[in-house]
Number of protein chains: 2
Amino acid sequence: MDSTLLDKSRSLFIRRWGEMGASWGVSRTMAEIHALLFISNQPLCTDDLMEVLQISRGNASMNLRQLVTWGLIERVHRRGDRKEYFVAESDVWRMFETITRERRRREIEPIIETIGKCREMLKEELKGVKDERRKDIKEFQRRLDDMRDFFTVVNSLFNLVVKVGESRVADVIKVLAKFER
Amino acid sequence: MDSTLLDKSRSLFIRRWGEMGASWGVSRTMAEIHALLFISNQPLCTDDLMEVLQISRGNASMNLRQLVTWGLIERVHRRGDRKEYFVAESDVWRMFETITRERRRREIEPIIETIGKCREMLKEELKGVKDERRKDIKEFQRRLDDMRDFFTVVNSLFNLVVKVGESRVADVIKVLAKFER
DNA sequence: TGGTCCTTTCAGAAACATCTGAAAGAATTA
DNA sequence: TAATTCTTTCAGATGTTTCTGAAAGGACCA
């Protein structure tokens, strides 16, 4: 009935998480399922999700599978119950690690690889080419190099966040503050 | 004719940048236009984009406007030429700043605000409530708090990268490396 | 003023992503 | 084995985003 403040805040959070997911390339429903599991104390079954989020069984099943593949949720079995239940990773930092690992593998690495390939080609092209085109090639090279450097740094930062984790958040923030001018 | 290695690497980069954009919630075409401008030495006009990317005038116009709104490209006028030309921000670090500023404003801030609202509601709810529900509420609170901490750290990191820029990021990473477990 | 050149807008078309529901599959129990 | 309970799959439906092309708008020039 969505009457208590607990219910209200649950549905508010779920809706917002869904919207955010949508603008980051995750389907709204998948993000909502994840949100619902994330804020739930106990494992939920497919029917729970269907009821709360008003989605079909097929939809729930497909999205749950994807979330399991991503490593963001897990299947849970209960003795004496045929149903399957699901729980979300509840540690935000491990969640972040999982997401960045997957996205880096699927989206950052390919672009880094592409930049590498382009650089090779340009190096080759530069060998026997007229002076006027030389300038274009050099400039393209410069921009690719900048971009590669950038991705390298971002990669290191991600690694750090993953390694540092929750426990030392306060310390890290303190150190970071020193650098801000 | 896409025959030289320069052309090949150009189209390879553009295609890959487009794919990456697509999986990060930016339309493929918009990302491709941005890629093409990013690797171009000189300003390009709408007809250039239409020809290289094989898109309609309307499509080009719409996407260019969005890119200008994002602050990722700029209009350029040439004396004695009625056409409008476009150039991309060529500094990768400023590009990153622009993108994170916009995305934080549009996507991170709303979720932080939502978490705040939820926390308020839960605090209120906790006042007059039975013992068994207390546990659920406390657990929900805990997860929201963790998530807020997480976003706080991510925010600081972004701020840091933006403020420090390329030149000193290496130093920062060195300092942060001390935190590795 | 009318003509030229270029840009913007937007209705409808096309392409794409997501969802449903029914049927098939799998596991368990009687 | 058949019945029961739950899960998965997928063809087609629905909904959303993106794109096209033609028409309208705007700036400049003669």
Side-chain angles (χ1 to χ4, degrees), chain A residues 14-15 17-37 42-70 72-87 106-107, chain B residues 14-15 17-37 42-70 72-87 106-107:
Chain A
I14 290 169
R15 221 171 309 133
W17 197 252
E19 279 167 22
M20 202 184 62
S23 66
W24 284 86
V26 175
S27 95
R28 174 184 309 277
T29 302
M30 196 165 116
E32 286 191 348
I33 291 176
H34 178 249
L36 177 50
L37 289 171
Q42 72 277 42
L44 302 180
C45 67
T46 307
D47 294 271
D48 296 332
L49 300 170
M50 287 167 64
E51 197 194 320
V52 177
L53 304 177
Q54 293 291 315
I55 56 174
S56 71
R57 189 170 298 283
N59 195 3
S61 175
M62 298 287 244
N63 280 293
L64 284 166
R65 181 147 62 109
Q66 275 212 74
L67 283 166
V68 170
T69 304
W70 269 78
L72 289 171
I73 68 172
E74 273 188 354
R75 286 168 201 281
V76 173
H77 296 281
R78 281 181 170 173
R79 291 250 163 275
D81 190 342
R82 286 196 195 172
K83 279 207 200 82
E84 289 210 305
Y85 291 78
F86 298 87
V87 263
R106 300 179 198 191
E107 291 136 25
Chain B
I14 290 169
R15 220 171 311 131
W17 197 251
E19 280 167 21
M20 203 184 62
S23 65
W24 285 85
V26 175
S27 96
R28 174 184 310 277
T29 303
M30 196 165 116
E32 286 191 350
I33 291 174
H34 178 248
L36 176 50
L37 289 171
Q42 72 277 40
L44 302 180
C45 68
T46 306
D47 294 270
D48 295 332
L49 300 169
M50 287 168 62
E51 196 194 321
V52 176
L53 304 177
Q54 293 290 316
I55 56 176
S56 71
R57 188 169 300 281
N59 195 4
S61 175
M62 299 287 243
N63 280 293
L64 284 166
R65 182 149 60 109
Q66 275 212 72
L67 283 166
V68 170
T69 303
W70 269 78
L72 289 172
I73 67 172
E74 271 187 356
R75 284 167 202 283
V76 173
H77 296 280
R78 281 181 170 174
R79 291 251 163 275
D81 191 341
R82 286 197 196 170
K83 277 208 202 81
E84 291 209 304
Y85 291 77
F86 299 87
V87 263
R106 298 180 199 191
E107 291 137 25

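Each chain gets a letter, A, B and so on, in the order its sequence line appears, and its residues count up from 1. A quick note: this is a predicted structure, and the numbers were derived from the prediction, not measured.
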Please give, in whole Å, the distance from [N] [atom2] to [X] [atom1]?
X	N	atom1	atom2	answer
B:Met50	D:dC19	CE	P	14 Å
A:Arg65	C:dA26	CZ	P	14 Å
B:His77	D:dA27	NE2	P	11 Å
B:Arg78	D:dA27	CZ	P	22 Å
A:Phe86	D:dT8	CZ	C1'	11 Å
A:Ile55	D:dG15	CD1	P	16 Å
B:Leu53	D:dT20	CG	C1'	15 Å
A:Asn59	C:dA17	CG	P	16 Å

Closest contact, heavy atoms only, [X] versus [Y]:
X	Y	answer
B:Glu107	A:Ser23	CG-OG, 3.2 Å
B:Asp48	B:Leu44	OD2-CA, 3.5 Å
B:Glu32	B:Arg15	OE2-CA, 4.2 Å
A:Ala31	A:Gly18	CB-CA, 3.7 Å
B:Phe86	B:Leu37	O-CD2, 3.4 Å

> When you match A:Thr29 and B:Lys83 each to their closest nucleotide on DNA chain C, which lands nearer the 5' end?
Replying inline: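 It is B:Lys83 whose nearest nucleotide is closer to the 5' end.
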
>> What I want to check is whether an N or O donor and acceptor connect the side chain of A:Arg57 with the base of D:dT8 at under 3.5 Å.
In response: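 A donor-acceptor contact between them is absent.
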
>> I want to verify a distance call: between C:dC6, C:dT18, D:dC19, whose nearest atom is closest to the B:Asn63 side chain?
In response: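 Nearest to the side chain of B:Asn63 among the choices is D:dC19.
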
>> By nearest atom, which of the nucleotides C:dT18, C:dC6, D:dC19 is closest to the B:Ser56 side chain?
In response: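 Given the options C:dT18, C:dC6, D:dC19, the side chain of B:Ser56 is closest to D:dC19.
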
>> With a 4.0 Å cutoff (strictly under), does any side-chain N or O of B:Arg28 reach OP1 or OP2 of D:dC19?
In response: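 Looking at the OP1 and OP2 atoms of D:dC19, neither is under 4.0 Å from any side-chain N or O of B:Arg28.
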
>> Both A:Asp81 and A:Met62 contact DNA chain D. Which one's nearest nucleotide lies toward the 5' end?
In response: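 Whichever sits nearer the 5' end wins; that is A:Asp81.
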
>> What's A:Ser27 touching, base or sugar-phosphate or nothing? Going by heavy atoms closer than 4.0 Å.
In response: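 Answer is sugar-phosphate: A:Ser27 comes under 4.0 Å of backbone atoms only.
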
